[in-house]
Every structure is written in C-alpha cells, then in structure tokens.
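Computed from a predicted structure; not experimentally measured. FYI, side chains are in, hydrogens and waters are out, and symmetry mates aren't considered; it's all heavy atoms of this structure. Both counts, for ligands and for their atoms, begin at 1 and track the order of listing.
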Amino acid sequence: MLKRVHLGALPSNRLRAAFGVVGTALALFGVACISPPAESPFDVVEFELVAAPSTVPLVDGRQMEVWAYDGQVPGPTIRVRRGQTLRVRFTNRLPQPTTVHWHGVRVPNAMDGVPGVTQPQVEPGESFTYEFAPPDAGTFWFHPHVRSSEQVERGLFGVLIVEDPEPPPFSREEVWVLDDLLLARDGRIAPEFNTRHDLAHDGRWGNVVMVNGERAPTLEVKPGERIRLRLLNVANGRVFVPDFGELEPRVIAVDGLYAKEPVAWGGFEIAPGNRVDLDLVVPPDAGGRRFAVQDRFTRRPFPIAEIAVSGDRVETPAFPAPARAAEPAWGAFGESAPARAELRLNARLGGPLGIEWTINDEVMDHAHDHAKTGRYALPRNEASRLRFVNDSYRLHPMHLHGMFFRVLSRNGVAVDEPFSRDTVLVHPKETVEVGVVPADPGLWMAHCHVLEHAEAGMMTLVEVR
Ligand code: C2O
Ligand code: CU
C-alpha cells in the first residue's frame, strides 16, 4: 500500500534497530532515484496512506479488529529529511469521515487537517493529498482530527520523523509509541466511546498499556551503545512518566525540537500528544543485566518495557548531544511580552454528550463550527503570553497547532524549561503561563489533547496574522 518513491516507510510495530532501517532506506534511496541535493525543492518523498478497518496482531499478538493506517498499528513510520517535501496521498476507507493532522509540524495552514477550518473532511472513499516541507527536524506524529476519541483509540496514529540533514551519530535509534487501549471482556476494543465516565474524568484510560502495540516488550541492547530513544504518547487520556531506574538518559528534545542543552531525566510527564527524545547510554559494564522501565504517573508503578543488555560491547560514539539545531526565532518573553489571552478551562452539564468541556465558557464542535476567524489573535513574529487557567479538577494537556511555546510559569512561580513544547499538561486547578512567537500565519487550533475533552467542546481557534 505504501509507495516507496524515495525513502520507504518503516513498520514500527516491532522494537527494532532503526540503524538497520536507515541503512535500508538509504539503499532504497540510492536505487530509486538519483539523489538530489538535500535542500532541493524537487526532493519529494511520496507516500500512499490509507485508513481502513483492518485486523492486526496487537497486545500479545492477538488478532484484533482495529482501524489502521496502511494495515498496521501503530501506523507506518514516515521518515523525511529536513529540506525534503513530503507528499502524502491519503485515502479514507473508513466508515466515517476523517482527516490527517500532522501533530507538531509547522505545516502551511491548509495542510493542518482540521475539518471545516483548513479543509473539508475527507468522506469515506475520498482522497486528499497533503504536501509540505517540514521546517523543523524532530519527532512528530499524525492522527485524525475527526471523532479523534474514537479514531485514534481504534488505532489511527503514526510517527513522522524529520531527520536532520546530518543526523547526530548515535549508535542506533528506537521509537517507543506509548499507548493504552480499553478492551471489553470479550477482548475487543470496547465499542462505547465518549462515555459519561470518560467525559467526567481524564478521558478514556485503557486497561492494557502498550509500547509499539505490545505489552511490556523487551528492547535488546548491547553494552556501551548510545541510543536515541524517541518516546511519544498517543493515548487518549493517559499520562506516562517512565522511570528508567539506574539508566540515566538525558532529554535532548521535547515535542520535536532540540532542547537548549540536554536535561537530566527527572520524571518528565509525557501527556497525550507529547514527545521526548532521550540520549541513552547503555553502561559498558552492564552486559547480562535487565533494566525495568516503570511508569510512575499513577500511584501504583507498573512495567512499561524492559531493556536487556547482552552481546559484545560497542564503543559509545563521543559527540556532544545535539542542541538547538533548527528552532524558530524566539523573542524575549519576560514580563514585557503582552498577555494576549487567558483561557479558562472548565466543564458543565449539557450538549449532545451530556457533559461539555469549555474554554472561557465556549465549546467548539468540528461538525458544526466552520469558523473562518480565530477566537483569539496573535501577531506573527511577535512575543505573546497566553495563560491557561484550569478551573476544573481534571487534567488538560493543552496543545497548540502550528507553533511551539515555552512554559513561563506554573501557579505564578517562574519555571525555566530549557526547551519548547507544543503540548503542556495543566494539572487540576493549576495556572500555566506560556510564551509564544508564532511564525506561521493562519487559523490554528488550541485544544485539550484528552481526546474526549476535545470531542466535548474543549477546542478553540487562534488566528496568527
Ligand atoms: Cu494531536 Cu489537534 O492534535
Ligand atoms: Cu482536557
């Protein structure tokens, strides 16, 4: 189903050494075409992407009925190099309309996949071609923006990796797609979506936790290897805080972009939508050992994965961790940047689902709100402050499309995160202030990434001009 024009898409439903995969892709590249210069606009990477009901091995290899991109869950991992243009010919073979949203990527507004705002929804049997040149290297992902609480849960998500033109020489690369799934007693994906329970809480939390579609898989590594581990959370509502125990990875990128400097791994909350890239050096003397990776967000820690060390020792490449490679221009935020908006987050009874999640007492609904103007305005290339005020007792990972932001304070206390984000977890009753310098004009969504909250109205539009 996948057309390999330049680089191939990679099955991501197995833990595997991406080093070999990159090699394969490069070989394909050499075979498939005469390699154009890295920044050439004619360097187009083309994919066919089809969303359709499918049966795939998932959760301990059981055959499960899902909705999948290209017949796999997680969907294909798309890799492009910064400077290349990605063209995705998408076809909808689902029983519902859908779109593809490129989470975190600064796409031209018309490619953002927001139904009724940036494009009409793609009806069953129809196609839509997405084309853009990702301006930032990093770990991104794609998912539907129509009935996402159902469509993402059923299996529609995939990883988009934008490579640096000269990637740092890690000994290998791994991607861990963190997810959970709510299975009914009969072992199938529980077919009731947007339940009253899920709406009244932090969305749909599953009873099975998976990494790349498997329960607590084992990653085999060699002593001394230096691994770039890309983590992303595609769950509807669950937050992950992976604890690597004695292994001491450093955070080199958050939500795609490199950090200013590597940060010690200190229990980062990977909320739905967030990505974190880790620089993980396997201790050279750890041969024969196994390290448990446990989740610490919930009260009772549980295993997410295991890292097993065996085989011959590998020389760890010595290179400085990548930092601040391609980043949008940041102005000085400080107190001087004007506060443009306060977004108060709350819930009320009512609406088609019985509970509505509101931003400043308003709801948005993709099915009916085909807005052509933003509810909030941000001037392009200027520093602005935005404030999220959580008036509720639930979690709200707030996500902005089309731009990155920096967290400036939590509950009035300044924080100095040396990285930017596109999604920030706002805790119950918490106030989070962010600074942003939007570079790309258009109508961009701001919404909660607890997908049930978004479905129940917790979305709005920010206009950059
Ligand atoms: Cu991944 Cu509108 O979001
Ligand atoms: Cu929310």
N, O or S atom of H449 closer to the Cu ion (ligand 2) than 2.8 Å: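 Of the N, O and S atoms in H449, none lies under 2.8 Å from the Cu ion (ligand 2), which means no.
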Aromatic plane relationship, H366 with H145 - under 30° parallel, 30 to 60° tilted, over 60° perpendicular: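 H145 vs H366 ring planes: perpendicular.
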Mutual orientation of the aromatic rings belonging to H399 and H401 [parallel < 30°, tilted 30-60°, perpendicular > 60°]: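 Judged by the thresholds at 30° and 60°, the geometry between H399 and H401 is tilted.
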Polar protein atoms near atom 1 (Cu) of ligand 1 [N, O or S; cut-off under 2.8 Å]: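 The answer, once waters are left aside, is H103 ND1, H143 NE2, H449 NE2.
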Greater than 12 external heavy atoms within 6.0 Å of R188's CZ: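 Count not over threshold, so no.
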4.5 Å side-chain heavy-atom contact, [X] and [Y]:
X    : Y    : result
E46  : R87  : yes
F193 : E153 : yes
Q151 : R147 : yes

Residue pair L183, I189: steps toward the side chain to side chain contact (heavy atoms under 4.5 Å, CB included) verdict: CA-CA 5 Å; L183 301 183; I189 297 174; 4.3 Å; yes
Name of whichever N/O/S atom of H396 is nearest to the Cu ion (ligand 2):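 The H396 atom nearest to the Cu ion (ligand 2), restricting to N, O or S, is ND1.
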Which atom of H453 approaches the Cu ion (ligand 2) most closely (N/O/S):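 That would be atom ND1.
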